[in-house]
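Quick note on labels: first sequence line is chain A, next is B, and so on, each numbered from 1.
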2 protein chains.
Amino acid sequence: MEPDITIIAALIGDPSRSRMLLALMSGKALTATELALEADITAQTASGHLAKLVESQLLIVRKQGRHKYFQLNGQDVAQLIEQLMNLSVSINPAAIATGPADQDLRDSRICYDHLAGSLGVSLYDSLIQEGHLLGHGENTELTESGKEFFARLGVNFDDWHKSKRPLCKACLDWSERRNHLAGKLGNWIIEDVFSKKWAVKDLDSRIVRFSPAGLEAFCKKYKIART
Amino acid sequence: MEPDITIIAALIGDPSRSRMLLALMSGKALTATELALEADITAQTASGHLAKLVESQLLIVRKQGRHKYFQLNGQDVAQLIEQLMNLSVSINPAAIATGPADQDLRDSRICYDHLAGSLGVSLYDSLIQEGHLLGHGENTELTESGKEFFARLGVNFDDWHKSKRPLCKACLDWSERRNHLAGKLGNWIIEDVFSKKWAVKDLDSRIVRFSPAGLEAFCKKYKIART
DNA sequence: TCCACAGTTCGATTCACACCGAAGCAAGAT
DNA sequence: ATCTTGCTTCGGTGTGAATCGAACTGTGGA
């Protein structure tokens, strides 16, 4: 009887599958063919892999017309992958390529459903600085001042109490090795950014591309010091 | 360019290796043979696995005599495995392994050929406290006062100079996360305990079982404060 | 109705790697 | 010195799994 962690780790421990999972870290739901392209394998092979990932409940799938949309099965899975990246970075720091495309990824990217990268870290720092957030390790708490601040921005906290997903959560950022904001509030912030058209998701990567004006507005809104 | 997380996940995703890693999650440092037994494979196969785990820096190894002690490379690795266990439980709640309450093992056990566990740590602390021992990291030195103290107990240091084995050495205790005394002196102490019948070795484990009177005598001899 | 496209199933191939037996090496023990 | 023990190296075997070509199902559009 082999431990269950073996099965999960073995699923991630295949190059094609881990490429798919990384692609899904953008939070977007992708079709089977898109994932096959991402992993650089044929559709047949991808189909087999995806079936396994769904069966093991690492992914969930939604059928829409003749497409099948896959996404990570919740925050737990995303967090596990993030943790794996953390460890691989701390073991092999040279592995972080320093290409120009990579720089954008480090600046601001999607981590499942919230903002990561140096901008995400700056946001977190600023919220702490302003007294809106209290951070103790992995757990984070919104202060009264923070509740007021976000209520003024249009957040309706009452609606959120129904969900069991934590309001705030710190997520360790692999490129910065510091916390950024996850949880429902982290998700709200990035959705707010998109709805205001301050930034758009890059088509086939996890990069979040801010417009110059959007970046300025964002930094002003959250009192982030520009570098 | 395959992502690094693939490599790490693949390492964990082998039944034999994950059994070893789980065994090491107890915090204990284990030898190659112990791990081979744990994984139910031959020593040769285990040796190959362990080499990979060390090369990839998931494990660290310490050579002590002809034994090789393996342990998890820090908290990061332990945390990743913990995370994997969490996910597998949330996916498959049926498999809940209840860890054996090895309190006796934590209290006092054999570590290669000397005393470990909370009692071993207390002994080390007391020797430092009394000024018999000087500890700088892994290296430890017997003071003049210490030499006198042990000479009075019957140790003949002259005979020991022939051996190249270090007289004193600190050995990291993983249940306690603190040093205990290894080296020839550490061995002498535990042999002394056995010869005085203050304690006996448990048959199939590394537990050292003190008699009530033996424990009292031991603590008095080394001025260990009883808790 | 026919075609195009998304995804799956089947069969065959190929290859990596976990595994063990045997032998070798190193470090204590006797 | 000789034996025992812990670990490693080498060579050969076998199995599992990833892969793709080809053919099939099902959906949507022309």
Side-chain angles (χ1 to χ4, degrees), chain A residues 2-3 6-21 29-56 59-70, chain B residues 2-3 6-21 29-56 59-71 110-114 159-160 162-167 169 182-184 186-188 190-191 206:
Chain A
E2 61 276 350
T6 316
I7 298 163
I8 296 180
L11 283 167
I12 307 177
D14 170 85
S16 305
R17 281 193 294 259
S18 61
R19 283 215 195 101
M20 294 183 181
L21 290 169
L30 300 176
T31 66
T33 355
E34 285 172 321
L35 287 166
L37 267 173
E38 197 71 41
D40 200 25
I41 51 180
T42 60
Q44 310 93 291
T45 310
S47 176
H49 284 314
L50 290 168
K52 280 180 195 166
L53 290 171
V54 169
E55 195 212 357
S56 67
L59 297 186
I60 51 178
V61 62
R62 249 181 17 223
K63 219 172 166 176
Q64 240 170 58
R66 52 182 170 177
H67 295 268
K68 265 185 156 181
Y69 284 91
F70 295 88
Chain B
E2 64 293 325
T6 316
I7 298 163
I8 296 180
L11 282 168
I12 307 176
D14 171 84
S16 305
R17 280 193 294 258
S18 61
R19 282 217 196 100
M20 293 181 180
L21 290 170
L30 300 175
T31 66
T33 346
E34 285 171 322
L35 288 166
L37 268 174
E38 198 71 40
D40 201 26
I41 50 179
T42 59
Q44 310 94 290
T45 309
S47 176
H49 285 313
L50 290 168
K52 280 179 195 166
L53 290 170
V54 168
E55 196 212 357
S56 67
L59 297 186
I60 50 177
V61 62
R62 221 156 121 178
K63 220 171 166 176
Q64 255 173 38
R66 53 183 167 175
H67 295 266
K68 265 186 156 181
Y69 280 88
F70 294 88
Q71 45 190 244
I110 286 286
C111 170
Y112 178 44
D113 69 352
H114 51 269
D159 291 354
W160 287 7
K162 288 177 286 191
S163 161
K164 50 181 176 270
R165 181 171 180 197
L167 185 63
K169 193 163 183 181
K184 220 157 166 47
N187 178 236
W188 179 87
I190 193 65
E191 291 301 337
R206 298 159 63 195

For C/dA18, does either OP1 or OP2 sit under 4.0 Å from a side-chain N or O belonging to B/Arg17?
yes

Which residue lies toward the 5' end of DNA chain D, A/His49 or B/Ala51, if each is placed at its nearest nucleotide?
B/Ala51

Could you check A/Thr45 against B/Thr31 and say which one's nearest nucleotide on DNA chain D is further toward the 5' end?
B/Thr31

Roughly how many Å is it from CG in A/Leu30 to C1' in C/dA6, rounded to a whole number?
15 Å

Hey, is the side chain of B/Lys68 poking within less than 4.0 Å of OP1 or OP2 on D/dT8, counting only N and O atoms?
yes

Testing C/dC20, D/dT19, D/dT8 for proximity to the side chain of B/Ser47, the answer is D/dT8

To the nearest angstrom, the CZ-P distance between A/Arg19 and D/dA18 comes to 14 Å

Sidechain-backbone polar pair: A/Arg17 side chain, A/Leu11 backbone, donor-acceptor under 3.5 Å
yes

With heavy atoms under 4.0 Å as the rule, sort A/Lys52 into base, sugar-phosphate or nothing.
sugar-phosphate

Given atom CD1 of B/Ile12 and atom C1' of C/dC17, what is their separation to the nearest angstrom?
18 Å

State the NE2-CG distance between B/His49 and B/Leu35, to the nearest 0.5 angstrom.
11.5 Å

D/dT27 C1' sits how many Å from A/Tyr69 OH, rounded?
14 Å

Side-chain atoms of B/His67 come closest, of C/dG7, C/dA18, D/dG6, to D/dG6

Side chain of A/Gln44 (C-beta onward), nearest among D/dC20, D/dA18, C/dA18
D/dC20

N or O in side chain of B/Thr42 less than 4.0 angstrom from C/dC20 OP1/OP2:
yes

Here the distance between atom C1' of D/dG6 and atom CZ of B/Phe70, to the nearest Å, is 11 Å

Does a donor on one side chain sit under 3.5 Å from an acceptor on the other, for A/Ser47 and A/Gln44?
no

Whether the side chain of A/Thr45 engages the backbone of A/Ile41 through a donor-acceptor N/O pair (distance < 3.5 Å, no angle test) should be reported.
no

Euclidean distance, atom NZ of residue A/Lys63 to atom C1' of C/dA6 [Å, nearest integer]:
10 Å

Atom CD1 of B/Ile7 and atom P of C/dC17: how far apart are they, to the nearest Å?
11 Å

Taken to the nearest 0.5 Å, the spacing of B/Leu50 CG from B/Met20 CE works out to 4.5 Å

Measure from CG on B/Leu37 to P on C/dC20 and round the result to the nearest Å.
12 Å

Across the strands shown, which category fits B/Ala43 at heavy-atom distances under 4.0 angstrom: base, sugar-phosphate, nothing?
base

Residue B/Arg66, side-chain atoms from C-beta onward, closest of C/dA27, C/dG7, D/dT27
C/dA27

Using heavy atoms to find the nearest nucleotide of DNA chain C for A/Ala46 and B/Asp14 separately, return the residue whose nucleotide is more 5′.
A/Ala46

